[in-house]
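Numbers for residues simply follow the sequence, beginning at 1. None of the values given here were measured: they were computed from a predicted structure. As a basis for the values below, the full set of heavy atoms in this structure was taken, side chains included, without hydrogen atoms, waters or symmetry mates.
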Amino acid sequence: TGNYPLLTLINSSLVTFRMALFFIISGCFIGATLAKKTYPQYVIDRFKLIIYPLLIWGSIQITLQLVFSNYTNVKRTGFDYLNLLIMPRKIEQFWYLNTLFMVGVLYAFLKSVLKFKMWQLMLSAVLLYAVGAIYYSTNFNMKYELLSYSFIPDLLHYYIFFFIGDVIAGFLLNKENTKYLTSIRLLAPVLIVFLLTHYYYTITNEAHHMTYYVEFYQPLSFLFIALSGCALTIQLSFFLQKYNRFRFLRVLGYHSLYIYLVHVIFTGSIRVLIAKIFHIYNIPLLLFVSVLSGVIFPVIIYNLLVRNGMWWMYSLKKPTDEPNHQTKLAVT
């Protein structure tokens, strides 16, 4: 994307708050989940729904990258199968699922086993985020490569968003508050703040020629910027629900975990096909076709496998085990 630096920066801006939003959504359901399950049950279920599919599809992705090594942008070795657990940042998108599991397990331990009160949970979130900020801003991550690829830096960085999700859960999940979340008077200032903060994020990163400059070296600014994006996205979701628009997004949300697991396989394959077979190198075209295929094909694959009794490719729990088994990405 060297010829499209602004496109790269804008994309990083969107990704920035998207990842934070995933943790917030997951945190929204932690309280209700722990009210029904013991801590060991919670950990076991998290393993079945998050770590297990990570291992299955991560192994498939690594195997394909090994087989087609002449066409991929990464060089894999057999050790990368183990990296799914110990150094997930080396294996593309799977770092998120690894971190989601670790964050949930830690937060649930503090909340359920140690019986932390909300102020104590808040203190733990602030302290972990502060340690993460020091870790990145002092370039500690560049000095210790093995640590930087582990789940630890991401746990420090995203734990606070999981906590925020738990804090706002009561407000978001209360149907009586829909009138506030679908208020134009509230949407307008949130939209303005979003545009201003993400403009700042983009031009600041561009000025420093670093995609994640603000995130690494301005942690307080990053926190505010990410939350502004999350707030706008949540409000827009409530608007779409209220007016019953773009219903296809519900289908994608229903399949979001399964899309996330498999999308790199398809986006990478389509990119190779278009660029290296047909010799088409138009970045916007490659981006559009790759993203579209990375959304549509995983949904098709999921439904084909489940209909043919291969649900075990995605979870250790049968779809009939509980009504809400087929969950969204932020599964708890």
Side-chain angles (χ1 to χ4, degrees), residues 1 4-29 96 125 129 133 157-158 160-208 210-254 256 259-260 284 287-288 291-292 294-295 328-330:
T1 55
Y4 298 88
L6 186 58
L7 180 62
T8 302
L9 290 167
I10 293 174
N11 177 65
S12 73
S13 176
L14 297 177
V15 170
T16 291
F17 79 80
R18 184 190 71 186
M19 301 314 299
L21 181 60
F22 288 161
F23 283 95
I24 288 177
I25 293 173
S26 188
C28 280
F29 299 99
Y96 164 70
Y129 189 74
H157 196 50
Y158 288 106
I160 193 170
F161 296 104
F162 195 91
F163 162 74
I164 290 172
D166 188 24
V167 170
I168 66 175
F171 179 80
L172 289 183
L173 300 179
N174 186 342
K175 294 183 178 180
E176 294 183 0
N177 293 324
T178 301
K179 59 185 178 182
Y180 302 113
L181 293 166
T182 55
S183 167
I184 296 295
R185 290 183 178 180
L186 181 60
L187 178 64
V190 171
L191 176 59
I192 293 173
V193 171
F194 168 81
L195 293 174
L196 291 175
T197 56
H198 282 71
Y199 173 76
Y200 171 82
Y201 182 90
T202 302
I203 62 170
T204 302
N205 285 342
E206 184 178 21
H208 290 84
M210 184 176 179
T211 306
Y212 296 104
Y213 177 83
V214 174
E215 186 168 355
F216 287 172
Y217 297 102
Q218 298 181 3
L220 290 179
S221 296
F222 166 76
L223 183 62
F224 184 71
I225 292 167
L227 290 177
S228 73
C230 294
L232 179 63
T233 304
I234 290 171
Q235 279 191 273
L236 291 177
S237 298
F238 274 91
F239 269 98
L240 293 177
Q241 176 178 284
K242 178 179 179 179
Y243 296 105
N244 200 27
R245 303 295 184 184
F246 298 106
R247 297 181 64 180
F248 72 91
L249 292 177
R250 298 181 184 180
V251 177
L252 298 182
Y254 177 88
S256 56
I259 292 172
Y260 193 85
L287 183 62
F288 174 77
V291 170
L292 189 64
V295 172
K328 299 181 180 180
L329 178 59

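Under the 3.5 Å distance criterion, the side-chain polar atoms of N205 are matched with a main-chain donor or acceptor of Y213. A donor-acceptor pair is defined here as one N or O able to donate and one able to accept, closer than 3.5 Å; no such pair exists between the side chain of T204 and the backbone of Y201.
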Begin with the C-alpha distance, continue with both residues' side-chain angles, and end with the deciding distance and a verdict on side-chain contact (heavy atoms from CB on, under 4.5 Å) for Q241 and L249. CA-CA 10 Å; Q241 176 178 284; L249 292 177; over 6 Å; no
Could you walk me through whether H208 and Y217 pass the side-chain contact (heavy atoms from CB on, under 4.5 Å) check? CA-CA 11 Å; H208 290 84; Y217 297 102; over 6 Å; no
Stepwise side-chain contact (heavy atoms from CB on, under 4.5 Å) test for Q235 and F194: CA-CA 12 Å; Q235 279 191 273; F194 168 81; over 6 Å; no
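Contact of the F29 side chain with the L173 side chain is registered, since non-hydrogen atoms from C-beta on lie closer than 4.5 Å. For the pair L232/L187, a side-chain contact is recorded, criterion being any heavy-atom separation below 4.5 Å from C-beta on.
The nearest pair of heavy atoms linking I259 to G294 is CG2-O, 3.6 Å. Between V214 and F222, the shortest heavy-atom distance links the atoms O-CB, 3.9 Å. When every heavy atom of A169 is checked against every heavy atom of C28, the shortest pair comes out as CB-O, 3.1 Å. Considering every non-hydrogen atom in both F162 and S26, the closest pair reads CE1-OG, 3.4 Å. For the pair S228 and V190, the tightest heavy-atom approach, listed with the atom from each and the gap, is O-CG1, 4.4 Å.
For the atom pair E215 CD and M210 CE, the distance stands at 9.5 Å (nearest 0.5 Å). Going from atom CZ of F238 over to atom CG of L186 covers 11.5 Å, rounded to the nearest 0.5 Å. For the atom pair CG (L195) and OG1 (T197), the distance works out to 8.0 Å, reported to the nearest 0.5 Å. Rounded to the nearest 0.5 Å, atoms CD1 (I168) and CD1 (I234) are 4.5 Å apart. Here the straight-line distance linking atom OG of S237 with atom CD1 of I25 works out to 7.5 Å at 0.5 Å rounding. Note: T178 OG1 to E176 CD = 9.0 Å, rounded to the nearest 0.5 Å.
Between H157 and F161, the angle of the ring planes goes over 60°, which puts this pair in the perpendicular group of the 30/60° scheme. Classified by interplanar angle (parallel below 30°, tilted 30° to 60°, perpendicular above 60°), the ring pair F22/Y260 is perpendicular.
Atom CZ of F224 is surrounded by 12 or fewer heavy atoms from other residues, nucleotides or ligands within 6.0 Å.
Pairs of residues two or more places apart, or lying in two chains, never qualify as side-chain hydrogen bond (donor to acceptor under 3.5 Å, both in side chains) while including a residue from residues 181-195.
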